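Treat the numbers as computed from the prediction; the structure is a model and nothing was measured.
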Amino acid sequence: MSEEQLQKPIDCADVKGEAEKISTTEGGVKAAEDKEKGVVAEASGEQAEGEVNQKKVVANPLKSEGTITIGEALEAAVLTAGNKPVEWSDAAAIQAAEVRATGRTNIMPGGVAASAQSAATLNARIGSDDTKTTLADVLTGASSKLPSDKAATRKDAEGVTGAEMRNDPHLTTYPTGVAASVAAAARINQSK
């Protein structure tokens, strides 16, 4: 791109002129077909005004019936280790589980992972175990707090276990904790 092209503001005539120049190169056929239909989409990939989106929306395509989801596995950890105070290793495992369930790489404010990190930070400052935030406080209703969820797989279990181990001072996992629950869910799903 020349310096002149970078300095010049883009207007509608420029876009139409460039669209006409597109030949049958990579993507050119699709662009030519769209041009014939009178559809011009923005470069950002958003739906063009007046264009009808024909895609079917599926509420949760990765969750299939009869399998245990990552959110359900987090809730199962409440039953097995609910009275355990949240530690950094638990927060890391919960974050890894949320990332794998949602497919997002960042933590959602107000989500399960954010709550776990806050609890771990608070628990590190509190001396008495009686007043510490527990896994039950953080993980109760976890599947409803996740914007999307998917069936637990072996790779998910490995990722959650690795995160919990890396953030534990003794490089171990809690026997009935978050990683163990996700691993159990993955084993059950794999046997189906």
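Contact check for Asn123 versus Glu87: no side-chain heavy atoms found under the 4.5 Å cut-off.
Paired with Val138 under the rule side-chain contact (heavy atoms from CB on, under 4.5 Å), one option of Val78, Val178, Thr133 passes, and it is Thr133. Just one of Val99, Val160, Leu135 meets the side-chain contact (heavy atoms from CB on, under 4.5 Å) condition when paired with Ile94; it is Leu135.
The line from OG1 of Thr102 to CG of Leu146 is 7.0 Å long, rounded to the nearest 0.5 Å. Atom CG of residue Asp130 and atom CD1 of residue Ile126 lie 10.5 Å apart, to the nearest 0.5 angstrom. To the nearest 0.5 angstrom, Leu139 atom CG is 5.5 Å from Leu74 atom CG. To the nearest 0.5 Å, the span separating OG1 on Thr161 from CZ on Arg154 amounts to 11.0 Å. In this structure, CG in Asp168 is found 8.5 Å from CG in Asp90, a value given to the nearest 0.5 Å. Atom CG in Asp129 sits 11.0 Å away from atom OG1 in Thr134 (nearest 0.5 Å).
Between the side chain of Asp156 and the backbone N or O of Ala152, no donor-acceptor pair lies under 3.5 Å. Side-chain atoms of Thr80 come within 3.5 Å of backbone atoms of Thr176 as a donor-acceptor pair (strictly under, hydrogens ignored). With hydrogens and angles disregarded, a donor-acceptor distance shorter than 3.5 Å links the side chain of Glu75 to the backbone of Ser143. Gln95 places no side-chain N or O within 3.5 Å of a backbone atom of Ala113 that could act as its donor or acceptor partner.
Shown here for Asn167 and Trp88, the closest heavy-atom pair between the two residues is CB-O, 4.0 Å. Nearest heavy atom pair, residue Ser181 against residue Ala73, reads CB-O, 3.3 Å. Minimum interatomic distance between Glu98 and Met108 (heavy atoms only, all atoms of both residues): OE2-N, 3.6 Å. Closest of all the heavy-atom pairs between Glu72 and Ile68 is OE1-CA, 3.4 Å. Across all non-hydrogen atoms, the minimal contact from Ala114 to Ile107 is N-CG2, 3.7 Å. Closest heavy-atom contact between Ala163 and Ala96: CB-CB, 3.8 Å.
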Q. Please walk me through it: do Ile70 and Lys150 pass side chain to side chain contact (heavy atoms under 4.5 Å, CB included)?
A. CA-CA 6 Å; Ile70 294 173; Lys150 71 176 200 115; 4.1 Å; yes
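Open room surrounds CG on Asn83; 12 or fewer heavy atoms of other groups in view lie less than 6.0 Å from it.
Between the side chains of Glu164 and Thr173, no donor-acceptor pair of N or O atoms lies under 3.5 Å.
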